[in-house]
Amino acid sequence: IIVLSPNGGETFMAGDTIEIKWTDNIEENVRIKYLSGSSGFITDISHSTESDGSFIWIIPSQMIPRTDCMIGIESATNSDIADFTNEYFSITEKIYPPVILSQTESVVVNRGENAVFEIEADCMSGDSTGYQWVKKTNRTDDEILLVDLDGKISGATYKKLVIYNLNEDEDSTVYRCDLRNLRQYPDSGSTSQSEDILLRVKYIEIKSPGDDQIFFSDQAGFIQWETNFDEAVKIELFLGGTSGGADGEYLMTIADSASGTGYSWSAPETLESAWNYKVRISSVEDEHIEAYSEFATVVSDVKIADSDIP
């Protein structure tokens, strides 16, 4: 029997899975032992396993750290047929990755603003934890945005992190936060990954009015919109300019503060009939978050004198 690996100089961590390799010319099973230079025999890794040259060993998580570890392999029927590792190898204490307890799932921000993401992590036994922001891409090599190995989390705590601003041409981006146990950085085994975090820019989309909608002065029409934020919106009426464009002549405020996704409105009798009215809807908290509707028609209340009726 000749032990091939581990054969000295290696370092493993408690909890690791390693392959023990050897070669032999015997047919009977082998016994695999774990020993130390100072204590001798410690435990059987396998009391009897096939002599096929390979055995997968999951090092127990509670294994005492040592620098004088050895593997011994012997015939299960004749202990004189045996071999040991040539030099000592080491087993270190198990290092646990941080456990993410809770996290923000999505953030909605104004364009150009930073977003704050909140995470609660248990860093196990007071170990220090660093973090990095990862911008997920369609490629296998996601873009790493921020690595902070000095700002440390210790124990179960909240940590607020800042995400980079979205680019002008982006409406939403998916991020991930990696938390790393710094005692084993940069080994990937000490890293925990958060669930995806969706960062979105606030938006307003006007569903109506549109090109085919007509408002009458004596009938209620419906203005409808969709947003991805909770605050109220302001509704204003414009005339002219381009359909859907941020131009035209301001005429009046329809509603200073409207909640939900719709508002009932009757055109005032003072408005003249025209085909190129449009509505502007904006956030009451940030007027830069806005949208303009397509042109809509307003028909005023026209009264016809009796003498004009044929």
Side-chain angles (χ1 to χ4, degrees), residues 1-100 121-132 134 140-141 144 147 149 152-156 178-194:
I1 298 173
I2 300 175
V3 175
L4 300 178
S5 66
N7 205 29
E10 302 93 341
T11 298
F12 306 107
M13 183 176 68
D16 282 353
T17 299
I18 68 171
E19 184 179 11
I20 299 171
K21 294 182 178 181
W22 71 95
T23 184
D24 64 54
N25 63 353
I26 63 174
E27 296 181 358
E28 64 268 27
N29 285 1
V30 296
R31 177 187 181 189
I32 305 175
K33 302 184 293 186
Y34 171 58
L35 313 94
S36 78
S38 58
S39 301
F41 174 78
I42 296 178
T43 187
D44 277 324
I45 296 174
S46 175
H47 184 70
S48 180
T49 186
E50 291 184 12
S51 56
D52 56 7
S54 177
F55 184 87
I56 301 301
W57 181 35
I58 302 175
I59 303 174
S61 299
Q62 298 78 23
M63 187 70 76
I64 297 174
R66 294 179 181 274
T67 58
D68 60 347
C69 303
M70 300 173 61
I71 294 293
I73 302 178
E74 63 186 40
S75 165
T77 59
N78 184 353
S79 61
D80 291 334
I81 304 173
D83 190 33
F84 299 87
T85 49
N86 290 339
E87 302 290 341
Y88 295 146
F89 63 90
S90 299
I91 294 179
T92 64
E93 177 186 0
K94 180 175 178 60
I95 299 177
Y96 292 89
V99 176
I100 297 174
D122 187 344
C123 299
M124 313 296 293
S125 306
D127 288 347
S128 295
T129 300
Y131 59 86
Q132 75 176 17
V134 179
T140 56
D141 53 334
I144 296 176
V147 177
L149 300 179
K152 299 173 183 177
I153 309 172
S154 182
D178 295 343
L179 294 180
R180 293 180 171 181
N181 190 314
L182 296 184
R183 280 205 291 151
Q184 201 188 7
Y185 176 81
D187 192 295
S188 60
S190 62
T191 300
S192 292
Q193 294 182 350
S194 74

Legend entry - I64 atom CD1, neighbour heavy-atom count above 12 within 6.0 Å: no
Which atom names give the shortest non-hydrogen contact between [X] and [Y], and what distance separates them?
| X | Y | answer |
| --- | --- | --- |
| I91 | A14 | CG2-N, 3.9 Å |
| R66 | S39 | NH1-OG, 3.5 Å |
| S36 | I42 | CB-CD1, 3.8 Å |

Inset, instruction - Give the intermediate values and the outcome of side-chain contact (heavy atoms from CB on, under 4.5 Å) for residues M13 and T92. - result: CA-CA 5 Å; M13 183 176 68; T92 64; 3.6 Å; yes
Inset, instruction - Applying salt bridge (charged side-chain N to carboxylate O under 4.0 Å, His left out), name anything that partners E19, two or more places apart in sequence or on another chain. - result: K21
Please report the interatomic distance [atom1]([X]) to [atom2]([Y]), rounded to the nearest 0.5 Å.
| X | Y | atom1 | atom2 | value |
| --- | --- | --- | --- | --- |
| T49 | I32 | OG1 | CD1 | 5.5 Å |
| Q193 | I100 | CD | CD1 | 8.5 Å |
| D16 | M63 | CG | CE | 11.0 Å |
| L35 | I45 | CG | CD1 | 8.5 Å |
| F89 | D68 | CZ | CG | 9.5 Å |

Inset, instruction - Using the side chain to side chain contact (heavy atoms under 4.5 Å, CB included) rule, pick out the option among D24, I1, N29, N25 that qualifies with S51. - result: D24
Which atom pairs, donor and acceptor, lie under 3.5 Å between side-chain atoms of residues 70-79 and protein residues at least two apart or in another chain?
from : atom 1 : to  : atom 2 : distance (Å)
E74  : OE1    : K33 : NZ     : 3.0
E74  : OE2    : R31 : NH1    : 3.4
S75  : OG     : E28 : OE2    : 2.9
S75  : OG     : T77 : N      : 3.2
S75  : OG     : T77 : OG1    : 3.2
S75  : OG     : N78 : N      : 3.1
N78  : OD1    : D80 : N      : 3.0

Inset, instruction - Report yes if the side chains of P6 and F12 come closer than 4.5 Å at any heavy-atom pair, otherwise no. - result: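 A side-chain contact under 4.5 Å exists here.
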Inset, instruction - Applying side chain to side chain contact (heavy atoms under 4.5 Å, CB included), name anything that partners I2, two or more places apart in sequence or on another chain. - result: L4, T23, D83
Inset, instruction - Any pair with a residue in residues 54-86 that passes ring-ring contact (aromatic ring centres under 6.0 Å, His included), sequence neighbours left out, goes on the list, sorted by first then second residue, please. - result: Y34-W57
Legend entry - Qualifying residues under side chain to side chain donor-acceptor pair (under 3.5 Å), relative to N86, sequence neighbours excluded: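 In terms of side chain to side chain donor-acceptor pair (under 3.5 Å), with neighbours along the sequence ignored, N86 is linked to no residue.
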Legend entry - Pairs where residues 1-12 contributes a residue and the test side chain to side chain donor-acceptor pair (under 3.5 Å) is met, not counting sequence neighbours: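 Residue pairs with at least one partner in residues 1-12: there are none.
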